[in-house]
Amino acid sequence: MDLSSITNESLIFIHQSWQTQAEVFDHLIDAFVSNGIVIDKEAFLAAVRERETISETGMENGFAIPHGKSTTVSKAAVAIATLDKAMPAGAWPSIDPTNQVELVFLLAIPDAEKGQTHLKILSELSVKLMDSVLVDQLKKARTKAEILQLLSDQKSEVEEVAPMTAKNILAVTACATGIAHTYMAAEALQKAAKEKGINIHVEKQGANGIEDGITPEMIQTADGVIFATDIAPKGKERFKGLPYIQTKVAEPLKHGPAMIDRLITAPDGRFKAADDLTSSATSYGPKKASVMSTLMQAVMTGISYMIPILVAAGVMIGISQIGASFFGLSKEIGNAEMATNANQIIVLLHYIGLTGNMTMRFMYPIFTAFMAYSIADRPALASGFIGGAFAAGLHQTLWGVEGGIPSGFFGALILGAVSGYVCKFLNEHVKLHKNLQAMKPMLIIPGLSILAVFFVNYFLVDPVFGGLNGWLQQMVMQYQDSGKVVLSTIIACLTAFDLGGPVNKAAGAVAIGMAADQIFPLTPRVLAIVIPPIGIGLATILDKYIVGRRVFDDNLRVTGRTSLVLGFLAIGEGAIPFALQNPLITIPINMIGASIGAVLAVVLGAVQWYPLPAVWGWPLVENFWAYAVGLIAGVLFIALGNIFIRFYLIKKKEAKEA
């Protein structure tokens, strides 16, 4: 694509004095409006800012590529600005924290073209800007015509192909959103290989699916493969027998040549030439990936596949509850008698809510299936799914177990890891005659791994978390006659502990019983339900304003918006992905924040006797001002606690890597 064809001189600004992101957006969007490209400035600005919350649009080498997709855009276009003085590092959130933006490309995409056109322009621009010579030329351009000329399809001298050696390597790039970083990593590897005279073919696994797919013929002649991915790549089993290295998707942008040298001279390992075509088990060399790094990638892969389930379930439950609130039935809409209500709208809302709740129960099976998949690939999907079903308590429902206690996200983490590593072990160590190869992926691995998951769940996970829940329930009963501060702290801590899980429900059962007997109101309970999801959601919005950068990855930023909305609907599960990614940070902060908010509200005199924590229950609170003070205090503690602790850990990691 000739990028100069989707811009013009009236959309180009040379050597401007703008020093904030807001100034850049204001002037460039005004230019879009003046050219009839954008009809509604505020609507398009909102779309651009919404995109900024998903992931950094600042890249490296001084450039940024913000973009917005909106129905208010009449045709695809690019506005360009160069700055007289580079913005300070951190002023424009970037994948490279030291990036000082002085070259901006703002893309306007019609909503109807948000798939193919959007990605085509973005990938083309990302690839061009990997040419550091071109970027320097654009920054120094003195005229608008010079910018247009540089963006045309004419090849520059730096793009001439160098003489190639006999070495042939492959690469796969994939980021969480599947957009800019996927293509930029690919271009960085291609550029590094060209400088070294090495043949490379890069497969991009992006938002539009697999592009430039690697063929079996390429694999047969390859000397190794680079996986530059933030999630588990698709089809890793194709590369059995090849030397490989595994890195994050941003790594080639900084160390492309070094990565190629490492692949050739000291790879991380070799994909084992296993007996079956579904294997991607690895035989690691000295640079074996640590168990912790493998597990972290597995958790992130599971979260990325789980998020659509969580979001869809939350939307359906929200529609059901909000719709029912117009009929005064938000609390009763889930009851069985609603299915026979004379009003068909109520019946429909009832089943929409039930479908949302059913969908929510598959959150853990999806998470553990793909967590296990990340560790051991396709052979682990079956046992991973069953492990998640155990964590969600589906076995107790199907077995008719009364009062069963699901293990929740702790069980999901344990059983997902068990499934993945058991399948990995079986894939590496079970050897069969070639005539019996089909039995391995179809019978032996799923059969034995599901059996292993069953035993671990039966003898360890269910008993441990069941015992924990029983102990916590007894503790609540033991302290029910204690002072209101102690009791509020206990109820709030246990409610916030596992975000709708078994401990939460045990605390709820006791708290509701005490409220029914007029012993103690539900104030700490209802506040502790909404404070964690609202607080964690707010953190994903405020981080760049508080510490000047994003501290959550792409997936969690998207989930944060969902968590925020679900929090006002009293659905705590929206914050579960954050607890899965880092329970040692998220859970204590949630418990402390919920306790602060609950105790403060109770001490100031807030009283809520009804089990209505959602926003429509707030008018029933006595002394709502005290309730609001507690809510705000708890939410801010969780938001700021997450931001500062995660920021500290990021800075510590960067200092260690420097």
Side-chain angles (χ1 to χ4, degrees), residues 306 309-310 312-313 316-317 320 331-341 347 350-369 371-372 380-419 422 446-477 494-495 497-513 516 571-573 576 611:
M306 180 186 78
I309 297 291
L310 175 64
M316 298 193 75
I317 294 171
S320 174
K331 183 181 176 183
E332 300 85 0
I333 193 64
N335 296 344
E337 59 266 23
M338 293 295 105
T340 57
N341 193 285
V347 173
H350 168 74
Y351 282 112
I352 289 174
L354 291 183
T355 302
N357 284 310
M358 179 188 73
T359 304
M360 190 77 79
R361 296 199 71 178
F362 285 97
M363 174 175 60
Y364 288 132
I366 294 297
F367 168 78
T368 51
M371 181 181 174
L381 282 171
S383 57
F385 188 88
I386 298 302
F390 282 137
L394 295 179
H395 63 303
Q396 294 161 346
T397 301
L398 295 173
W399 295 351
V401 177
E402 295 292 334
I405 303 170
S407 55
F409 54 74
F410 285 117
L413 287 168
I414 294 169
L415 296 172
V418 167
S419 173
V422 167
L448 292 179
S449 60
I450 289 175
L451 191 62
V453 166
F454 163 76
F455 280 123
V456 171
N457 184 71
Y458 188 83
F459 288 109
L460 175 64
V461 174
D462 270 356
V464 167
F465 286 96
L468 174 64
N469 184 68
W471 176 77
L472 291 172
Q473 191 168 3
Q474 290 176 8
M475 185 174 67
V476 175
M477 293 297 295
L494 300 186
T495 298
F497 175 70
D498 59 353
L499 303 165
V503 175
N504 175 298
K505 288 179 171 58
V510 175
I512 291 171
I571 301 171
E573 283 83 353
I576 284 178

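We count residues from 1, following the sequence as given.
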(message) Whether the side chain of Thr368 engages the backbone of Gly416 through a donor-acceptor N/O pair (distance < 3.5 Å, no angle test) should be reported.
(response) no
(request) Check whether any side-chain N or O of His350 sits under 3.5 Å from a backbone N or O of Ile333 as a donor-acceptor pair, and report yes or no. (result) yes
(message) So, using ring-ring contact (aromatic ring centres under 6.0 Å, His included) as the criterion, who are the partners of Phe385 when residues are at least two apart?
(response) none
(request) Tell me, with the steps shown, if Phe390 and Leu394 meet side-chain contact (heavy atoms from CB on, under 4.5 Å). (result) CA-CA 6 Å; Phe390 282 137; Leu394 295 179; over 6 Å; no
Interatomic spacing from [atom1] in [X] to [atom2] in [Y] - rounded to 0.5 Å:
{"X": "Ile352", "Y": "Ser320", "atom1": "CD1", "atom2": "OG", "result": "7.0 Å"}
{"X": "Glu337", "Y": "Asn335", "atom1": "CD", "atom2": "CG", "result": "4.5 Å"}
{"X": "Asn457", "Y": "Leu415", "atom1": "CG", "atom2": "CG", "result": "5.0 Å"}

Name every donor-acceptor pair, under 3.5 Å, that has one atom in a side chain of residues 356-367 and the other anywhere in the protein, sequence neighbours excluded.
{"residue": "Asn357", "atom": "ND2", "partner": "Gly353", "partner atom": "O", "Å": "3.1"}
{"residue": "Thr359", "atom": "OG1", "partner": "Thr355", "partner atom": "O", "Å": "2.7"}
{"residue": "Arg361", "atom": "NH1", "partner": "Thr397", "partner atom": "OG1", "Å": "3.4"}
{"residue": "Arg361", "atom": "NH2", "partner": "Ala392", "partner atom": "O", "Å": "3.2"}
{"residue": "Arg361", "atom": "NH2", "partner": "Gly393", "partner atom": "O", "Å": "3.4"}
{"residue": "Arg361", "atom": "NH2", "partner": "Thr397", "partner atom": "OG1", "Å": "3.4"}
{"residue": "Tyr364", "atom": "OH", "partner": "Phe409", "partner atom": "N", "Å": "3.3"}

(request) Could I get the full list of side chain to side chain contact (heavy atoms under 4.5 Å, CB included) partners for Leu381, not counting sequence neighbours? (result) Ala369, Phe370, Tyr373, Arg378
(message) Going by side chain to side chain contact (heavy atoms under 4.5 Å, CB included), name the residues that satisfy it together with Ala312, two or more places apart in sequence or in a different chain.
(response) none
(request) Sorted by first residue and then second, give each side-chain hydrogen bond (donor to acceptor under 3.5 Å, both in side chains) pair with at least one member in residues 384-396; sequence neighbours left out. (result) His395-Asp462
(request) For Gly334 and Leu354, work out which heavy atoms get closest and say how close. (result) O-CD2, 4.3 Å
(request) Might you point out which heavy atoms bring Ala412 and Ala391 nearest each other, and give the distance in Å? (result) N-CB, 3.5 Å
Check: residues 448-455 side-chain donor-acceptor pairs under 3.5 Å, at least two apart:
{"residue": "Ser449", "atom": "OG", "partner": "Ser383", "partner atom": "OG", "Å": "3.2"}
{"residue": "Ser449", "atom": "OG", "partner": "Ile445", "partner atom": "O", "Å": "2.6"}
{"residue": "Ser449", "atom": "OG", "partner": "Pro446", "partner atom": "O", "Å": "3.2"}

